[in-house]
Amino acid sequence: GAVVSQHPSWVICKSGTSVKIECRSLDFQATTMFWYRQFPKQSLMLMATSNEGSKATYEQGVEKDKFLINHASLTLSTLTVTSAHPEDSSFYICSASLTGLSSPLHFGNGTRLTVT
Amino acid sequence: TQLLEQSPQFLSIQEGENLTVYCNSSSVFSSLQWYRQEPGEGPVLLVTVVTGGEVKKLKRLTFQFGDARKDSSLHITAAQPGDTGLYLCAGARSTDKLIFGTGTRLQVFP
């Protein structure tokens, strides 16, 4: 079946540095990828919707300059947390679909980010 | 503002018991999905319901979509320790966004 791969699965970085998280669709071309953030014991909060070849659409309250999203190809979207701070520590999860929500959504296994 | 409220938030039961998780909203959804998530992993899709009043069964799990497509329920019969996890409902109001519910953490003890 379809697989979405996220890398890295966990990362520890120092405050002020930037971290890039990759989300790849391994056996299908994803026109749309979604990025979610999940705090411990809480649900997933949608951060942004990424469409290949166009600018990402950010949810209200999500800083686009802090969470840079690039969807340069049909199999890869990246989320870069710039100038990370401890409060950015969270579990970040991507999902991908062939054609938005009209086709099944496949989730990556998430990236645990810890900012010290 | 969370559009989808799940109840209960936490549920701790013994193996063999039955349980129901509710997912409620004031908004109408074109479809609703249920996921289960294990710690440190992404959510795994269990089912998608599309039609108001629709009922779907997946072994011991029964999913129902409300007639008005604003709410849904998940019923588990004879729960097993392997059912332990975070259950999430997620609603789609259009073809471009999926909103997750507040989540229900289930613990089944042997």
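Just so we're on the same page: letters track the sequence lines, and every chain starts at 1. Reckoned from all heavy atoms, side chains included, excluding hydrogens, waters and symmetry mates.
Atom NZ of A/Lys20 is surrounded by 12 or fewer heavy atoms from other residues, nucleotides or ligands within 6.0 Å. Within 6.0 Å of atom NZ in A/Lys66, more than 12 heavy atoms from other residues, nucleotides or ligands are found, so the atom counts as buried in its surroundings. Within 6.0 Å of OH on B/Tyr22 lie no more than 12 heavy atoms contributed by other residues, nucleotides or ligands. Around the CD atom of B/Glu15, the shell of radius 6.0 Å holds more than 12 heavy atoms that belong to other residues, nucleotides or ligands. Residue A/His7 places its NE2 atom among 12 or fewer non-hydrogen atoms of other residues, nucleotides or ligands, all under 6.0 Å distant.
Rounding to the nearest 0.5 angstrom, the gap separating the CG atom in B/Leu98 from the CG atom in A/Leu46 is 8.5 Å. Between B/Arg105 atom CZ and A/Gln42 atom CD the span is 10.0 Å, to the nearest 0.5 Å. Once rounded to the nearest 0.5 Å, the distance linking NE2 of A/His106 with CG of B/Leu45 reads 9.0 Å.
Counting heavy atoms from C-beta outward, A/Ser43 and B/Leu86 have side chains that stay 4.5 Å or more apart.
In terms of heavy-atom proximity, A/Phe91 sits nearest to B/Glu41 at CE2-O, 3.7 Å.
In this structure, A/Met33 is not a member of the same hydrophobic cluster as A/Phe67, with clusters built from ILVMFWY side-chain heavy atoms closer than 4.5 Å. Cluster membership check: A/Leu68 does not share its hydrophobic cluster with A/Trp35, using side-chain heavy-atom separations under 4.5 Å among Ile, Leu, Val, Met, Phe, Trp and Tyr.
Contacts of A/Glu59 with chain B are made by side-chain atoms alone, with heavy-atom separations under 4.5 Å and no backbone atom involved. The part of A/Gln38 that comes within reach of chain B is its side chain, from C-beta onward, which places non-hydrogen atoms under 4.5 angstrom from that chain. Contacts of B/Gln37 with chain A are made by side-chain atoms alone, with heavy-atom separations under 4.5 Å and no backbone atom involved. Using a 4.5 Å cut-off between heavy atoms, B/Tyr35 contacts chain A through its side chain alone, with no backbone atom that close.
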